[in-house]
S.K.: 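Take this structure first; my questions come after.
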Amino acid sequence: MDLGISGKRALVCASSKGLGFGCAQALAREGVSLVMNARTEGPLLDAAEVIRAETGVDVVTVAADITSEEGRAEVLKATGEVDILVTNAGGPPPGMWSDWSRDDFIDAFDANLLTPIALMQALMPGMMERGWGRVVNITSVSVKAPIAVLGLSNTARTGLTGFVAGTARQVAGQGVIINNLLPGLHDTDRAAALDKGATEAQGITLDEARAQRMATIPSGRYGTKEEFGATCAFMCSQHAGFMVGQNVLLDGGATNTTL
Ligand code: NAP
């Protein structure tokens, strides 16, 4: 299927690895030129080179913390106008509801709520003026089904979900389509870190920890960043123009809900 976005330009945040990289690569494969971002320069330059070598698209890189005001300003300066925005950042750490301080909540809100909102506020007016835009926010399965130890994530990301639900309907008439993409367990460094946490907490091997978690997924495996990226690219495509304010869950069936 031709996604109809060849020649468009996208900002993909937090994209040197993992799900963000999967999205950047899938968009590049459709002929979309990229602004890629991550905090650490070396892996970001390597990731950009992999994508340039494979697809030949133009890739600009900005090494900056997307969750800080200064980092965002740097990214937005290099970005200029874009047609597609994919928001992403690292997720908050696990913990216990009774331990989290006001500062812990503020950090989580900055990273996973206020940063995507600030990026949409900066880039959507241009999209609306030009009459075409796509925004995909990478959130989490935790907005559908809470993950208790990730309470900071549950709280910040459901806030973003509420913002998108209203805003998506305010901008759709000007051709700007906002949706959220909700990862369940995917095979990335983040998943490996959670597996490692389980080995330490339960005194089991890494293979046992992975097997234990995979057994909770009807598909019997983790998702891949390629599958995730392909879904993101579709949500950024011409064909997604009637899909407004949706929360698309990619979790191998792990969330046991009818709707
Ligand atoms: P990952 O493999 O650890 O990759 C994270 C990427 O984001 C890296 O490129 C990292 O590069 C970049 N990054 C992190 N913090 C950043 C910041 N403040 N500014 C700019 N770039 C930043 O993680 P992932 O698995 O792809 O996860 C992506 C998001 O999906 C996270 O929010 C995670 O909580 C959520 N999620 C993931 C899963 C899963 O199973 N993988 C499930 C549910 C939700 P640098 O470190 O160099 O900045």
Side-chain angles (χ1 to χ4, degrees), residues 11-26 34-48 50-51 61-76 78-79 86-94 107-116 118-119 136-147 149-158 160-161 180-198 210 213-214 216-217 219 221-229 231-232 247-252 254-255:
L11 166 60
V12 186
C13 303
S15 55
S16 65
K17 292 189 295 186
L19 304 179
F21 178 82
C23 296
Q25 187 176 46
L34 298 174
V35 180
M36 291 175 69
N37 151 259
R39 291 165 302 184
T40 323
E41 188 162 46
L44 177 62
L45 295 178
D46 292 347
V50 167
I51 289 181
T61 56
V62 190
D65 183 343
I66 198 70
T67 67
S68 76
E69 288 233 28
E70 313 77 58
R72 251 188 330 274
E74 242 183 278
V75 171
L76 287 169
T79 299
V86 179
T87 75
N88 186 28
D107 285 348
F109 293 165
D110 266 338
N112 302 111
L113 170 63
L114 300 175
T115 291
L119 290 166
V136 173
N137 298 295
I138 299 178
T139 66
S140 172
V141 61
S142 70
V143 302
K144 286 255 188 206
I147 302 169
V149 293
L150 294 178
L152 292 171
S153 168
N154 301 338
T155 311
R157 295 188 200 275
T158 49
L160 177 62
T161 308
N180 301 319
L181 186 47
L182 285 49
L185 288 171
H186 281 73
D187 207 357
T188 66
D189 286 4
R190 164 90 170 163
L194 293 175
D195 286 338
K196 191 156 175 288
R210 282 173 73 87
R213 293 214 301 158
M214 283 181 189
T216 66
I217 306 173
S219 298
R221 62 175 178 86
Y222 290 167
T224 69
K225 56 182 185 295
E226 288 78 13
E227 290 168 318
F228 192 86
T231 308
C232 176
N247 291 282
V248 176
L249 180 61
L250 284 190
D251 72 343
T255 310

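Just so you know, ligand 1 is whichever comes first in the structure, and atom 1 is the first atom listed for that ligand.
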S.K.: Would you find more than 12 non-hydrogen atoms of other residues, nucleotides or ligands less than 6.0 Å from Glu226 atom CD?
M.R.: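 More than 12 within 6.0 Å, yes.
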S.K.: May I ask you to decide if Val143's main-chain N or O and Thr158's side chain share a donor-acceptor pair within less than 3.5 Å?
M.R.: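 A pair under 3.5 Å: no.
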S.K.: Please say whether Ser16 places an N or O atom under 3.5 Å from an N or O atom belonging to ligand 1.
M.R.: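 N/O-N/O distance below 3.5 Å exists for this pair.
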S.K.: Could you tell me whether atom 39 (C) of ligand 1 has at least one protein heavy atom nearer than 4.0 Å?
M.R.: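 For atom 39 (C) of ligand 1 the answer is yes, since some protein heavy atom falls inside 4.0 Å.
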S.K.: In the protein, what heavy atom is nearest to atom 7 (O) of ligand 1, and what distance, to one decimal place, separates them?
M.R.: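 Residue, atom and distance for the closest contact: Ala14 CB, 3.2 Å.
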S.K.: Does even one non-hydrogen atom of Arg72 get within less than 4.0 Å of ligand 1?
M.R.: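 The answer is no: ligand 1 sits nowhere under 4.0 Å from a heavy atom of Arg72.
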S.K.: To the nearest 0.5 Å, what is the distance between CG (Leu19) and CG (Leu181)?
M.R.: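 Between Leu19 CG and Leu181 CG, I get 8.0 Å after rounding to 0.5 Å.
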S.K.: If you measure every N/O of Ile138 against every N/O of ligand 1, is any gap under 3.5 Å?
M.R.: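 By distance alone, the answer is no.
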S.K.: Does an N or O from Leu185, backbone or side chain, lie closer than 3.5 Å to an N or O of ligand 1?
M.R.: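 No - when backbone and side-chain N and O of Leu185 are compared with those of ligand 1, no distance drops under 3.5 Å.
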S.K.: Counting heavy atoms only, which part of Asp187 comes closer than 4.0 Å to ligand 1: side chain, backbone, both or neither?
M.R.: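 Under 4.0 Å from ligand 1, Asp187 contributes no heavy atoms.
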S.K.: Which of the numbered atoms in ligand 1 are under 4.0 angstrom from any heavy atom belonging to Ala64?
M.R.: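 That gives atoms 19 (N), 20 (C) of ligand 1.
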S.K.: Starting from atom 28 (C) of ligand 1, find the nearest protein heavy-atom neighbour and note its residue, name and distance.
M.R.: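 Protein heavy atom at minimum distance: Asn88 OD1, 3.4 Å.
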S.K.: Would you say the side-chain atoms of Asn137 and Thr87 include a donor-acceptor pair closer than 3.5 Å?
M.R.: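 Yes.
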S.K.: Under a 4.0 angstrom heavy-atom cut-off, which atoms of ligand 1 come close to Gly91?
M.R.: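 This gives 31 (C), 32 (O), 34 (O) as the contact atoms.
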S.K.: Any heavy atom of Ser153 sitting closer than 4.0 Å to ligand 1?
M.R.: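 Per 4.0 Å heavy-atom rule, Ser153 does not contact ligand 1.
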S.K.: Roughly how far apart are Leu249 CG and Thr139 OG1, rounded to 0.5 Å?
M.R.: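 Answer for the CG-OG1 pair, Leu249 versus Thr139, is 9.0 Å.
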S.K.: Of the backbone atoms (N, CA, C, O) and the side-chain heavy atoms from C-beta on, which set of Cys13 has a member under 4.0 Å from an atom of ligand 1: side chain, backbone, both, or neither?
M.R.: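 Cys13 to ligand 1: no contact under 4.0 Å from either part.
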S.K.: Starting from atom 37 (C) of ligand 1, what is the nearest protein heavy atom, named by residue and atom, and what distance separates them?
M.R.: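 So the nearest neighbour among protein heavy atoms is Leu19 CD1, 3.8 Å.
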S.K.: Would you say Pro43 contacts ligand 1, with heavy atoms under 4.0 Å as the rule?
M.R.: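 Flag not set, Pro43 not near ligand 1.
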S.K.: In the protein, what heavy atom is nearest to atom 34 (O) of ligand 1, and what distance, to one decimal place, separates them?
M.R.: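 For atom 34 (O) of ligand 1, the nearest protein heavy atom comes out as Arg157 NH2, 2.9 Å.
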S.K.: Quick check: does any side chain N or O of Arg39 sit under 3.5 Å from a backbone N or O of Ala64, one acting as donor and the other as acceptor?
M.R.: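 No; zero donor-acceptor contacts below 3.5 Å.
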S.K.: Under 4.0 Å from any heavy atom of Asn37, which atoms of ligand 1 are there?
M.R.: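 Matching atoms, with element in brackets: 20 (C), 21 (N).
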S.K.: Under 4.0 angstrom from ligand 1, any heavy atom of Gly223?
M.R.: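 Checking ligand 1 against Gly223, which is what was asked, there is no heavy-atom contact under 4.0 Å.
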S.K.: So how far is it from Arg210 CZ to Leu185 CG, rounded to the nearest 0.5 Å?
M.R.: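 Rounded to the nearest 0.5 Å, the CZ-CG separation comes out at 10.0 Å.
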S.K.: I want to confirm something. Looking only at heavy atoms, which of Ser68, Pro183, Ala89, Ala191 is nearest to atom 43 (C) of ligand 1?
M.R.: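 Comparing heavy atoms across Ser68, Pro183, Ala89, Ala191, the nearest one to atom 43 (C) of ligand 1 lies in Pro183.
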S.K.: Using 0.5 Å steps for rounding, measure from the CG atom of Asp46 to the CD atom of Glu41.
M.R.: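 Here the interatomic distance stands at 10.5 Å.
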S.K.: Is the backbone of Met36 close enough, under 3.5 Å, to the side chain of Thr61 for a donor and an acceptor to pair up by distance?
M.R.: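 Absent.
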S.K.: Which heavy atom of the protein is the closest neighbour of atom 46 (O) of ligand 1, given with residue, atom name and distance?
M.R.: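 Looking only at protein heavy atoms, the one closest to atom 46 (O) of ligand 1 is Arg39 NH2, 2.9 Å.
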S.K.: Between Ser219 and Gly252 (side chain of the first, backbone of the second, donor and acceptor by atom type, cut-off under 3.5 Å), is there such a pair?
M.R.: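 Side chain of Ser219 to backbone of Gly252: a pair is present.
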S.K.: Using every non-hydrogen atom in the two residues, find where Tyr222 and Ala191 come nearest and quote the distance to one decimal.
M.R.: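 Nearest pair, atom of Tyr222 first, then Ala191: CE1-CB, 4.5 Å.
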S.K.: The test is side-chain contact (heavy atoms from CB on, under 4.5 Å); show your working for Asp187 and Arg221 and say whether it passes.
M.R.: CA-CA 9 Å; Asp187 207 357; Arg221 62 175 178 86; over 6 Å; no
S.K.: In terms of atom number and element, which parts of ligand 1 are under 4.0 angstrom from non-hydrogen atoms of Thr67?
M.R.: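 Ligand 1 atoms under the 4.0 Å threshold to Thr67: 18 (N).
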S.K.: Looking only at heavy atoms of Leu182, does any of them come nearer than 4.0 Å to an atom of ligand 1?
M.R.: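 No heavy atom of Leu182 comes that close to ligand 1.
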S.K.: Among Thr188, Leu250, Ile66, which residue places a heavy atom closest to atom 25 (O) of ligand 1?
M.R.: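 Comparing heavy atoms across Thr188, Leu250, Ile66, the nearest one to atom 25 (O) of ligand 1 lies in Thr188.
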S.K.: Just need the protein heavy atom nearest to atom 47 (O) of ligand 1, so name the residue and atom and give the distance.
M.R.: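 Sorting protein heavy atoms by distance from atom 47 (O) of ligand 1 puts Thr40 OG1, 2.6 Å first.
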S.K.: Determine whether the side chain, the backbone, both or neither of Glu41 has a heavy atom under 4.0 Å from any heavy atom of ligand 1.
M.R.: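 It is neither part, as no heavy atom is under 4.0 Å.
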S.K.: Hey, what do you get for CG (Leu76) to CG (Leu119), rounding to the nearest 0.5 Å?
M.R.: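 So the CG of Leu76 and the CG of Leu119 are separated by 5.5 Å.
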S.K.: Under a 4.0 angstrom heavy-atom cut-off, which atoms of ligand 1 come close to Asp189?
M.R.: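 Those atoms are 2 (O), 3 (O).
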S.K.: So which protein heavy atom does atom 3 (O) of ligand 1 come closest to, and at what separation?
M.R.: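 Looking only at protein heavy atoms, the one closest to atom 3 (O) of ligand 1 is Arg190 N, 3.7 Å.
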S.K.: Do Ile138 and Val86 come within less than 4.5 Å of each other through their side chains, counting heavy atoms only?
M.R.: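 Yes - at least one pair of side-chain heavy atoms lies under 4.5 Å apart.
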S.K.: Between Asn37 and Val62, is there a donor-acceptor pair closer than 3.5 Å when you use the side chain of the first and the backbone of the second?
M.R.: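 Present.
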S.K.: Step by step, work out the side-chain contact (heavy atoms from CB on, under 4.5 Å) result for Ser142 and Leu150.
M.R.: CA-CA 8 Å; Ser142 70; Leu150 294 178; 5.6 Å; no
S.K.: Does some non-hydrogen atom of Asp65 fall short of 4.0 Å from ligand 1?
M.R.: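 True for this residue.
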S.K.: Which residue and atom name correspond to the protein heavy atom nearest atom 5 (C) of ligand 1, and how close is it?
M.R.: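 Checking every protein heavy atom, the shortest distance to atom 5 (C) of ligand 1 gives Lys17 O, 4.6 Å.
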S.K.: If you measure from CG on Asn112 to CG on Asn154, what distance do you get to the nearest 0.5 Å?
M.R.: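 These two atoms lie 11.0 Å from each other.
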S.K.: Using heavy-atom distances only, which candidate in Ser140, Ala38, Gly184 approaches atom 42 (C) of ligand 1 most closely?
M.R.: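 When every heavy atom of Ser140, Ala38, Gly184 is considered, Gly184 comes closest to atom 42 (C) of ligand 1.
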